[in-house]
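A quick write-up on the structure given underneath.
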Amino acid sequence: MSDDLERATWITPHHGRSSALSVRRCRLEVVAGADVGTVIELAQPAFVIGRAGGSADLALNDPKVSGLHCELRLEAGGYRLRDLSSTNGTYVRGVRVVEAWLAPGSTIAVGKSAVLFTPLADAVDLPLWGEAGLAGLVGQSPPMRHLFEMIERFARSDATVLVQGETGTGKELVADAIHQRSLRAGGPFQVLDCSSLPDQLVEDQLFGHEPGAFTGAARATMGVFEAAHGGTLFLDEIGELPLDTQAKLLRAVESRRIRRIGSTKQIACDVRIVAATNRDLAVEVNRGTFRADLYYRLAVARLTVPSLRDRRDDIPLLVEHFLRQLDGAGVAPLPHDFLDRAQAHAWPGNVRELRNAVERAALLPHHPTVLSAEAAPRATTGGGTTIDVTVPFKVAKQRMIDDFDRRYLEALLAANDGNISAAARAAGIDRMSIYKMIKRLGLDDRGDEEPTNSAARSP
């Protein structure tokens with residue numbers, strides 16, 4: 001056990017192998033607001049503060065708090081606080097926080113409430129799977145062995161599971177492992193990639209159609225819900241699902257019944273749902289692009305697949321695994337320094353990128369090197385903007401867009417003395433667009449600890 005309260009997680013070795021992944025117990029005490037005096041203690045890798053009625057770990061009866069307001073994640077480097085694109089923002093010492101390391105004893109201000117964060121001296125050991133693999137998944141690092149253990153536990157139930165992780169981490173393999181280890185293993189495992197379909201075809205792929213339901217529908221066709229009857233349906237990249245289809249999916253998940261397009265008949269479907277996304281669905285809920293009720297229904301059980309840069313100990317094992325899959329004629333030995341360069345590489349594409357690198361190195365031994373000698377997690381454009389290549393493209397792009405929108409809007413309003421009509425004319429956009437941007441970026445209500453910002457309001 002560690003008595004250094006700034007250490008949130010640590011690994012306990014035993015005879016050369018990690019025997020435990022320890023997570024410090026923490027106390028959250030509400031010191032201001034409607035719930036003052038409420039205290040909870042948690043020992044888990046991440047927990048969420050939000051409004052009562054949702055799925056937050058600390059639920060506050062505060063209308064100024066978003067359903068999923070902010071997240072505290074316990075990591076080897078400390079305590080990471082992240083605002084989940086909440087409406088009214090998250091503050092520490094009067095400073096609005098997007099993402100930051102949180103010091104022990106800090107007070108987190110959300111809405112009209114304040115929460116004192118206190119790490120405790122004791123910790124909880126997370127269970128680790130006893131082997132370096134499970135149902136096609138490979139890994140001996142503590143984060144992966146804990147993931148294997150949770151897969152085994154969740155597989156025993158029929159609960160809906162939400163798998164989150166960056167692109168290329170192996171979310172479909174996790175879903176398949178849940179299926180293989182469940183009582184449904186003898187049934188079908190159906191996959192629908194929600195990001196690969198035009199919006200108008202998603203409902204058809206989910207629920208099927210009857211003859212004549214639309215132009216070209218010559219015969220009855222079942223959707224993946226029916227095809228997965230008795231087994232597991234994996235909905236990949238569910239964050240890309242159109243809003244109108246999300247409502248229909250929610251009804252199907254709750255009732256276990258579907259209706260084909262063009263039919264009035266209800267069809268019972270005994271299906272276990274596993275969904276995956278590389279988006280942060282809590283953020284998407286606050287932005288209004290993902291239904292909160294569907295999120296709560298899907299996230300009954302949650303799994304997070306670690307990125308490859310957070311499990312570098314697994315790289316040699318993964319390389320060996322990929323080489324065994326390539327075993328055959330034409331496979332050359334890897335360059336002698338391949339593993340050294342692989343350990344230094346940033347791997348923005350995660351395990352998928354590593355597999356492709358191994359294949360190129362083994363099948364094209366004279367191909368120019370594909371790995372840099374040093375990790376290069378960041379690059380700078382000609383305009384001086386820092387690009388973080390350790391996060392997925394969509395996430396990095398959205399962060400840059402939000403940052404530009406916020407800085408542009410603040411400067412625009414300041415230049416026009418807070419007059420929204422004048423600001424809209426100067427920017428060449430309508431007033432409602434200004435109001436929507438103010439609300440989306442959380443500039444309309446800075447909370448009690450912030451001075452009134454006249455630039456965010458029309459006189």
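Throughout, residue positions are numbered sequentially from 1 according to the sequence presented.
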Does Arg27 come within less than 4.0 Å of Glu29, counting only side-chain N to carboxylate O? no
Donor on one side chain, acceptor on other, Asn350 and Glu166, under 3.5 Å: yes
Quick one: ring pair (Phe, Tyr, Trp, His ring centres under 6.0 Å) pairs with a partner in residues 253-282, sequence neighbours left out? none
Between the side chains of Arg145 and Glu149, is the shortest nitrogen-to-carboxylate-oxygen separation below 4.0 Å, so that they form an ion pair? no
Between Arg82 and Glu99, does any NZ, NE, NH1 or NH2 come within less than 4.0 Å of an OD or OE carboxylate oxygen? no
Which pairs would a plain distance check flag for residues 42-58, meaning a side-chain donor or acceptor within less than 3.5 Å of a matching protein atom at least two apart in sequence or in another chain?
from	atom 1	to	atom 2	distance (Å)
Gln44	NE2	Ala46	O	2.9
Gln44	NE2	Asp57	OD1	3.3
Arg51	NH1	Val65	O	2.6
Asp57	OD2	Val48	N	2.8

Flag the pair Glu240 and Arg279 as a salt bridge only when some basic side-chain nitrogen lies within less than 4.0 angstrom of an acidic carboxylate oxygen. yes
Heavy-atom nearest pair, Pro104 first then Tyr79, reads CG-CE1, 4.3 Å
Do you know which two heavy atoms are closest between Gly230 and Pro188, and how far apart they sit? C-CD, 4.2 Å
Does a side-chain N-to-carboxylate-O contact under 4.0 Å join Arg25 and Asp122? yes
Atom pairs and distances, side-chain donor-acceptor, residues 241-251, under 3.5 Å, sequence neighbours left out:
from	atom 1	to	atom 2	distance (Å)
Gln246	OE1	Arg291	N	2.8
Gln246	NE2	Leu241	O	2.8
Gln246	NE2	Thr289	O	3.4
Lys248	NZ	Glu203	OE1	2.8
Lys248	NZ	Glu203	OE2	3.3

Taking Asp270 for the side chain and His229 for the main chain, is one N or O donor matched with an acceptor at less than 3.5 Å? no
Side chains of Thr90 and Asp83 only: does a donor on one sit below 3.5 Å from an acceptor on the other? yes
Under 4.0 Å between a side-chain nitrogen and a carboxylate oxygen: does that hold for Arg260 and Asp204? no
Hey, are Asn278 and Thr167 close enough side-chain-wise for a donor-acceptor pair under 3.5 Å? yes
